[in-house]
Amino acid sequence: MAPAIVLRHDSVRQADLLVMPERIVLLNGEAAAVLRLCDGSRTVAEIVEELDAEFPGAPVADDVPEFIDRVRAEGWLR
């Protein structure tokens, strides 16, 4: 994550959030699962492989790299 951004679970909303200065983004479960794996030690390919094993049959190979590119474009991920 970028330095000013925190991935946090909100137990009141039962939802995962990206908390940043002056903004909060409510994440769906899939987005949170991807971002939790973006810890700086895994490559995109490794994230895809791990999620593909967890969600067989899901279009992980196409969706995850696209999602990570969008998150990077927003500046939320380095």
Side-chain angles (χ1 to χ4, degrees):
M1 292 292 141
I5 298 175
V6 177
L7 177 59
R8 176 174 295 157
H9 182 76
D10 183 337
S11 59
V12 173
R13 293 184 180 118
Q14 290 300 307
D16 292 301
L17 310 170
L18 272 182
V19 181
M20 55 195 94
E22 301 183 24
R23 186 173 182 189
I24 294 176
V25 176
L26 179 66
L27 300 171
N28 66 27
E30 293 85 359
V34 172
L35 291 177
R36 277 200 185 85
L37 296 176
C38 294
D39 59 5
S41 69
R42 296 175 178 95
T43 66
V44 173
E46 290 169 331
I47 292 170
V48 167
E49 183 179 328
E50 196 166 327
L51 290 171
D52 192 43
E54 189 174 337
F55 304 103
V60 172
D62 294 327
D63 293 352
V64 170
E66 182 180 312
F67 173 72
I68 290 174
D69 286 343
R70 282 195 316 242
V71 171
R72 281 185 178 142
E74 288 287 340
W76 302 342
L77 188 65
R78 298 202 282 161

List the atom pairs, donor and acceptor, that lie under 3.5 Å between side-chain atoms in residues 48-58 and the rest of the protein, sequence neighbours left out.
residue	atom	partner	partner atom	Å
E50	OE1	R42	NE	3.1

Counting only pairs under 3.5 Å, give me each side-chain donor-acceptor contact of residues 9-27, with atom names and distances, residues two or more places apart or in other chains.
residue	atom	partner	partner atom	Å
H9	ND1	A15	O	3.4
H9	ND1	D16	OD1	3.1
D10	OD1	V12	N	2.9
D10	OD1	R13	N	3.2
D10	OD2	R13	NH1	3.0
Q14	NE2	S11	O	2.6
D16	OD1	R36	NH2	2.5
D16	OD2	R36	NH2	3.4

Just distance, no hydrogens or angles: give the donor-acceptor pairs under 3.5 Å from side chains in residues 60-78, sequence neighbours left out.
residue	atom	partner	partner atom	Å
E66	OE2	R70	NH1	3.3

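Shown here are the side-chain contact (heavy atoms from CB on, under 4.5 Å) partners of T43, two or more places apart in sequence or in another chain: A45, E46.
The structure places CG of L35 at 9.0 Å from CG of L37, a figure rounded to the nearest 0.5 Å.
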